[in-house]
Amino acid sequence: MYYFEKDYIMRLIHGIARALARLLFGEELEHGELIAQMDAFCRENHDYLRQMVDQGQINAAEEKLFDIINTVTWDDRQKAALIIAFYDHVNSKDDAFLAAADFSRDEIISGLEDAMKTVNMEIPEYLRIR
């Protein structure tokens, strides 16, 4: 795959994350603003997951994300904010980092779709990449 194709997919995934945040909160939010929508406990979990991702433990972080969203009693907006911020952060990593962590852009897309389903929010058809 050519660099511009990878960059295009990366931008599409980021666009999906921004659109979902807009649907969820009714306004355009950048990554930091999305995190500001989280309560303190949610932000702590976000920071922990982010550290795992930054250390290359993306698969383990994704498993932990699903454990969190399936067990905590937060409202769906908090869970969705965590999901969107998580996958947007993973998507910010370059392809070499993702490959070293045995993770792909396709896994970002499918993980985001699956996670959003757990909070009763489907990615609208017009935003889907596949």
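Predicted model only: the values in this text are computed from it and were never measured. FYI, the numbering just counts along the sequence from 1.
Two residues are said to be in side-chain contact when any heavy atoms from C-beta on lie closer than 4.5 Å; Arg77 and Val119 fail this criterion. Side chains of Val72 and Phe41 form a contact here, defined as non-hydrogen atoms less than 4.5 Å apart. Using a 4.5 Å heavy-atom threshold, the side chains of His89 and Asp54 count as touching. Between Trp74 and Asn45 there is a side-chain heavy-atom pair separated by less than 4.5 Å. By the 4.5 Å heavy-atom criterion applied to side chains, Leu49 and Lys64 are counted as neighbours.
To the nearest 0.5 Å, atom OH of residue Tyr87 and atom OG of residue Ser92 are 14.0 Å apart. Considering CD of Glu62 and CE of Met52, their distance stands at 11.0 Å, rounded to 0.5 Å. Rounding to the nearest 0.5 angstrom, the gap separating the CD1 atom in Ile69 from the CG atom in Asp76 is 9.5 Å. Note that CD1 of Ile84 is 4.5 Å distant from CE of Met116, once rounded to the nearest 0.5 Å. Note: Phe66 CZ to Thr71 OG1 = 12.5 Å, rounded to the nearest 0.5 Å.
Within the 3.5 Å criterion, the main-chain N or O of Leu98 finds no donor-acceptor partner in the side chain of Lys93. Side-chain atoms of Arg105 come within 3.5 Å of backbone atoms of Asn91 as a donor-acceptor pair (strictly under, hydrogens ignored). Without hydrogens or angle criteria, Gln78 side chain to Asp75 main chain gives no donor-acceptor distance under 3.5 Å.
Other residues, nucleotides and ligands contribute only 12 or fewer heavy atoms inside 6.0 Å of the CG atom of Asp102.
When the options Ile108, Val53, Ile68 are evaluated for a side-chain contact (heavy atoms from CB on, under 4.5 Å) with Phe86, the one that passes is Val53.
A pairwise comparison of heavy atoms in Ala101 and Gly56 identifies CB-O, 3.4 Å as the closest pair. The shortest heavy-atom contact between Ala115 and Ile83 is O-CD1, 3.4 Å.
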